[in-house]
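Counting convention: from 1, in listed order, for ligands and their atoms alike.
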Amino acid sequence: MINITDKSKCCGCSACVQRCPKQCIVMQGDEEGFLYPHVDVSLCIDCGACETVCPVINQDEPITPLKVFAAKNSDDEQRLCSSSGGVFIRLAEKTICEGGVVFGARFDKYWGVEHSYAETLEELEPLMRSKYVQSRIGNAYKKAECFLRQGRKVLFVGTACQIAGLRKFLHKDYDNLLAVDVICHGVPSPEIWRTYLEHLKYKTNCKTITSIIFRGKQDQGYEWKNYGFVVKGKDSEGKERTICSEGFMLNIYLKGFLYNLYLRPSCHQCPSKDGKNGSDITLADFWGIESLDSEFADNKGVSIVFVQSEKALKVLRKLQGISVVESTLKDATAWNGLFFTSTPYDPNSQKFWRFYKESHNMKEAVEKALYVPIYRMWSNMARNTFNQYTIGIFYKITYILKSMIKK
Ligand SMILES: Cc1cc2nc3c(=O)[nH]c(=O)nc-3n(C[C@H](O)[C@H](O)[C@H](O)COP(=O)(O)OP(=O)(O)OC[C@H]3O[C@@H](n4cnc5c(N)ncnc54)[C@H](O)[C@@H]3O)c2cc1C
Ligand code: SF4
Ligand code: SF4
Ligand code: SF4
């Protein structure tokens with residue numbers, strides 16, 4: 001029976017909940033807003049099914065991708081509405097046109113994030129773009145299994161641990177399934193997301209939010225590498241306006257996320273890195289493409305496509321509306337080490353949660369957790385300069401000694 005005593009050992013995929021034959025497991029939020037399974041022991045028959053499907057308990061071996069590509073959608077409008085090169089939407093359209101179903105993450109009516117599915121081209125738009133909040137899987141694995149058994153094609157996209165959970169849940173491969181994960185920095189706390197949105201609405205006198213874009217590009221006045229966070233909303237008279245448009249490092253929510261203040265504990269010991277998740281394709285941002293292929297790079301977004309199976313290779317060969325150039329694992333990961341490793345734990349995160357639990361003011365808690373006093377800034381700078389200076393002297397002395405010994 002699943003019993004979470006160490007939170008870093010649960011990524012919240014809900015595979016256990018969906019597989020339990022007695023339906024005696026529920027996901028419950030903790031004080032940081034992350035969901036964890038809780039078992040009603042009075043109903044449990046100790047069958048062990050929940051442990052068998054857990055991707056943290058049963059981790060795969062790392063694998064090396066068969067091929068690695070740089071890719072971009074040839075339709076610029078679609079690419080600008082995507083986080084990186086717009087590969088997801090091409091795969092999704094192909095699946096729908098072949099009568100299939102596409103699973104991905106979308107906003108719910110309260111602007112939380114949940115997994116859902118699309119059966120028509122019109123239903124795809126909400127699934128596009130990265131949402132930097134942990135999505136609730138709900139019963140998406142069960143629904144996907146149902147479609148797979150009916151023989152319909154299924155494209156399932158999620159974070160690496162969500163794909164690992166899906167694979168363990170299904171227990172066997174289906175020819176009609178294409179599983180796609182995204183390289184994952186980690187997922188921020190849904191509780192902090194909720195508090196941030198409340199604060200934003202209050203500050204801007206906004207009644208209802210109408211759209212949220214985490215990765216605004218040229219169409220929002222930003223670029224792929226210098227993306228912007230853009231939120232629109234309506235005031236009490238029903239007039240729509242932009243209530244937030246900030247570069248990613250100026251926005252307080254994204255800043256706290258990128259400084260790793262409120263990631264899920266499992267993200268610092270991710271069970272599904274390095275190809276350990278059974279996905280057919282991994283998608284990511286091709287950071288550094290301009291130094292490898294300046295003609296292909298254009299700051300509207302380029303994706304890395306890691307191909308992990310022959311099935312995926314076949315699909316990609318037939319995929320239309322995408323330009324690709326072959327790359328290597330070494331080049332593609334030179335600026336994206338998160339393919340292999342987890343985001344390190346930052347001790348400031350402990351400070352953040354202490355401040356947040358005192359005040360429930362996320363902005364203040366981020367600022368306090370990241371605050372460095374002036375004297376510390378000076379002493380850090382002095383220490384760095386001193387280190388560089390002494391390291392320089394050390395190398396010079398070693399060099400002189402070596403050349404003296406040679407003589
Ligand atoms: C939480 C998160 C962290 C990421 N961290 C990195 C990183 O560190 N480095 C990197 O190179 N790339 C990262 N990515 C991936 C990157 O942002 C793009 O999603 C990816 O390159 C695909 O882009 P696209 O243009 O092909 O498609 P897009 O249209 O941007 O499609 C994004 C796909 O991801 C799914 N998705 C969106 N939000 C979530 C979510 N919260 N949970 C699960 N699935 C979701 C959508 O349903 C869609 O299928 C991250 C993505 C997410 C969601
Ligand atoms: S052991 Fe079986 S019955 Fe008990 S919680 Fe796990 S899956 Fe459910
Ligand atoms: S990682 Fe997934 S399967 Fe394992 S305990 Fe957590 S929610 Fe359940
Ligand atoms: S970092 Fe790993 S554990 Fe965290 S959400 Fe991403 S895939 Fe899951």
Does [X] make a cation-pi contact with [Y], if we ask for NZ or CZ under 6.0 Å from the ring centre and within 45° of the axis?
{"X": "K172", "Y": "Y174", "result": "yes"}
{"X": "K363", "Y": "Y196", "result": "no"}
{"X": "K368", "Y": "F355", "result": "yes"}

[X] touching ligand 1 at heavy-atom level, < 4.0 angstrom:
{"X": "R106", "answer": "no"}
{"X": "T159", "answer": "yes"}
{"X": "R79", "answer": "no"}
{"X": "H115", "answer": "yes"}

Item to complete: Determine, stepwise, if the pair E246 / K255 fulfils salt bridge (Lys or Arg N to Asp or Glu O under 4.0 Å).
Response: CA-CA 11 Å; E246 290 173 331; K255 193 170 172 183; over 6 Å; no
Below 4.0 angstrom from a heavy atom of [X], which ligand 2 atoms are there? Numbered from 1 as shown, please.
{"X": "P21", "result": "7 (S)"}
{"X": "V39", "result": "5 (S)"}
{"X": "G48", "result": "1 (S), 2 (Fe)"}
{"X": "C24", "result": "5 (S), 8 (Fe)"}

With heavy-atom distances below 4.0 Å as the criterion, list the atoms of ligand 1 near [X].
{"X": "G104", "value": "47 (O)"}
{"X": "S130", "value": "16 (C), 17 (O), 18 (C), 19 (O), 30 (O), 37 (C), 38 (N), 51 (C)"}
{"X": "G86", "value": "24 (P), 25 (O), 26 (O)"}
{"X": "R215", "value": "17 (O)"}
{"X": "M128", "value": "29 (O)"}

Identity and separation of the nearest protein heavy atom to [atom]:
{"atom": "atom 39 (C) of ligand 1", "answer": "A105 CB, 3.5 Å"}
{"atom": "atom 6 (C) of ligand 1", "answer": "I183 O, 2.9 Å"}
{"atom": "atom 27 (O) of ligand 1", "answer": "F88 CB, 3.4 Å"}
{"atom": "atom 21 (O) of ligand 1", "answer": "S84 OG, 2.7 Å"}
{"atom": "atom 35 (C) of ligand 1", "answer": "V157 CG1, 4.2 Å"}
{"atom": "atom 2 (Fe) of ligand 2", "answer": "C47 SG, 2.3 Å"}
{"atom": "atom 43 (C) of ligand 1", "answer": "Q162 OE1, 3.3 Å"}
{"atom": "atom 48 (C) of ligand 1", "answer": "L127 O, 3.2 Å"}
{"atom": "atom 30 (O) of ligand 1", "answer": "S83 OG, 2.7 Å"}
{"atom": "atom 8 (Fe) of ligand 2", "answer": "C20 SG, 2.4 Å"}

Worksheet item: Going through the distances and angles, do S272 and N277 end up as a side chain to side chain donor-acceptor pair (under 3.5 Å)?
Response: CA-CA 5 Å; S272 317; N277 54 63; 5.6 Å; no
Fill in: Any donor-acceptor N or O pair under 3.5 Å, side chains D346, H268
no
Discussion item. Can you tell me which portion of N336 lies within the under-4.0 Å heavy-atom range of ligand 1? Options are side chain, backbone, both, or neither.
Written reply: side chain
Discussion item. Test of understanding: given a 4.0 Å heavy-atom threshold, classify the contact between V182 and ligand 1 as side chain, backbone, both, or neither.
Written reply: side chain
Response to the item:
Interatomic distance, CZ@F340 vs OG1@T333, rounded to 0.5 Å, equals 4.0 Å
Less than 4.0 Å between a side-chain N and a carboxylate O, is that true for [Y] and [X]?
{"X": "D285", "Y": "K225", "answer": "no"}
{"X": "D76", "Y": "K300", "answer": "yes"}
{"X": "R90", "Y": "E93", "answer": "yes"}
{"X": "E145", "Y": "R19", "answer": "yes"}

Worksheet item: Among the protein atoms near atom 8 (Fe) of ligand 3, how many are N, O or S and lie under 2.8 Å away?
Response: 1
Discussion item. Could you work out, for atom 44 (N) of ligand 1, the closest of G186, G158, A160, G337 by heavy-atom distance?
Written reply: G158
Worksheet entry | For atom 29 (O) of ligand 1, the option (of K131, R136, Q134, R129) bearing the nearest heavy atom | R129
Worksheet item: Could you walk me through whether Q18 and K142 pass the side chain to side chain donor-acceptor pair (under 3.5 Å) check?
Response: CA-CA 7 Å; Q18 296 175 77; K142 264 192 177 171; over 6 Å; no
Practice prompt. Using a 4.0 Å heavy-atom threshold (strictly under), name the region of I45 that reaches ligand 2: side chain, backbone, both or neither.
Written response: both
Item to complete: Run through V302, D298, D331, N299 and flag the one making a side chain to side chain contact (heavy atoms under 4.5 Å, CB included) with I289.
Response: V302
Worksheet entry | Proximal ligand 3 atoms for C11, defined as those under 4.0 Å from one of its heavy atoms | 1 (S)
Item to complete: Would you indicate whether the side-chain heavy atoms of P55 and F169 approach each other to under 4.5 Å?
Response: no
